[in-house]
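It should be emphasised that the depicted structure is a prediction, and the values quoted were computed from it without experimental measurement. Quick note on labels: first sequence line is chain A, next is B, and so on, each numbered from 1.
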Amino acid sequence: MNQVAIAGIGHTAFGRLEGTSALELEAQAARLAVQDAGFEPRKIDGLITDPGPAQGVLQGIEPHYLRLGRALGLDPAFAGTEILGGASSVGGIQRAAMAIEAGLCSTCLCVYGDTALSSTGSFAYGRGDEAAFGFFGAAGLHALAAQRHMALYGTRPEALAEVAIAARAHAARAPHAQLRTPLDMAGYFASRMLAEPLRRADCCLVSDGAAAVVVCATDAAGDFRHRPARILGMGQAHSLGTYSNPTHFDTLPAARCGPAALARAGLTAADVDVAMLYDCFTIVVLMQLEAYGFCARGESGDFVANGRIGPGGALAVNPSGGLLAEGYGGGMLHVIEAVRQLRGAAGTRQIVDAEVALVTGHGLGMNSHATLILGR
Amino acid sequence: MSREPRIPSAASSPLEAAACNACGHLFLPIGPVCPRCWSGNVGTRPLSGLGEVATFTVYRQRYRADFPPPYVVALIALREGPRMISNIIDCPPESVRVGMAVRVRHEARGGRLLPLFAPAADAAEATTAHNGGPT
């Protein structure tokens, strides 16, 4: 699949952006991404949107793509809103790529935006009847996976800490990151316990901000401002049976779609130069390292020890800091950092000769996973 | 009757699961069709109420006024196969372990009878093939 690429990237500031609507932020990110591609807005004939956790819940039934498309004055050939939770940004780019390959559109704008930090106080909603047991929030759900991992494999809390510490060390080199103060082991263990074994430091940030990319056919090339990041492979897998799936907390659906997507691109985990792993919680990074084959199942704790996924480590995981430190960008900031790295435009955090980038999305609890493999 | 997935009816203890009359599959939550063979011929069957902790978390953060921490949310692997979310009660949260044998104990909460689980040291043989974690 070498005919589709990401030609433009753009994002707003991330953090607390009081007084700015999500729609304003999304329009700003869209303008930046289209400018970055060197395109005129009228060239956009596709629109896929991801309204983020707060807008997705709060803004009712009017579809997000309709609101944003109206604001941008678009009458595209192809449009929609992707609803896969944290897998929506990657899933949306997949949908754009498929539409372009099928000839439904040629230049698709994919936008994430939300004002999750300034517009709502809590994401600790219960899931249906499970709220009757006090089972609230995504942290509690992922704590079940973390506890299971510890019981099955002897994984220690220090492994979770390594993921959080690495994210903060990476973010210190990303000028736009929301949380750039360093974290050490003592700081991690001083972090407030939320749902054992997960602490505040294991959780992603909550952010206001928007991020966008332009996906297009590479045969429209020639007039790209930057070297496009080609889509080499992609995949999705879901565990919709949830608890009735006996491996639901033992592994991620990524174990099915990850290696398959890499294989379709003629690659393995060993070929990945930059791993942009969806990191809503530290445990999800550990489980993805196993699912994608960076290490064997149960061995992610050893894999991340001693800063091996931090700056200068054996594997560059989320060099911009990810959801844990760069900001909650729904996954679109992960895509953007992958493109920057492949362009050689990542400044002081540039991974030398980065040729292959893996970008993942993980959504709706442990239910859905999406994989995108980008190359130069 | 309601075909929406729901907490197993606890009004009539013991705990029960959905049972497919076509293929025999037992499942939770109760739903409109058998998730294995898609038959709509689904009834219910009482369970032993025994199981083990597949995984758990101790909530330390207060999310709601009516759920003061600490309390334990667990995924229970029932002896007959189905798995369900519930609470572990009647023991210190620090004593809960993956693989621990538990037995259902219904409790009234919020105007309904909920299936909660308490340690069942006498039922260690409840351990099923659905779990295998060292503790």
Results of ring pair (Phe, Tyr, Trp, His ring centres under 6.0 Å) for B:Y59 - residues two or more places apart only: B:Y63, B:Y71

Contacts of type ring pair (Phe, Tyr, Trp, His ring centres under 6.0 Å), residue B:F117, not counting sequence neighbours: none

More than 12 heavy atoms from other groups under 6.0 Å of CG on B:D66: yes

Heavy-atom proximity to chain B below 4.5 Å, by part of A:A139: side chain

From CA spacing to verdict: side chain to side chain contact (heavy atoms under 4.5 Å, CB included), A:S244, B:F27: CA-CA 7 Å; A:S244 63; B:F27 58 96; 5.9 Å; no

Distance, nearest 0.5 Å, that separates CG of B:L75 from CZ of A:F249: 6.0 Å

Given A:H149, A:R148, A:M150, A:H248, the one that forms side chain to side chain contact (heavy atoms under 4.5 Å, CB included) with B:T55: A:R148

Heavy-atom pair with the smallest gap, counting every atom of B:T57 and A:A143: OG1-CB, 3.3 Å

Smallest separation among heavy atoms of A:A132 and B:R109, with atom names: O-NH1, 2.9 Å

Over 12 foreign heavy atoms within 6.0 Å of CZ, B:R62: yes

Audit row: B:I85, A:L144, side chain to side chain contact (heavy atoms under 4.5 Å, CB included) steps and yes/no: CA-CA 10 Å; B:I85 293 290; A:L144 295 184; 3.8 Å; yes

Donor-acceptor pair between B:Q61 and A:R200 side chains, under 3.5 angstrom: no

Validation row: B:R112, A:D129 side chains within 4.5 angstrom (heavy atoms): yes

Steps toward side chain to side chain contact (heavy atoms under 4.5 Å, CB included) verdict (B:M84, A:Y243): CA-CA 7 Å; B:M84 64 178 290; A:Y243 312 128; over 6 Å; no

Check: B:L116 and A:F133 side chains under 4.5 Å, non-hydrogen atoms: yes

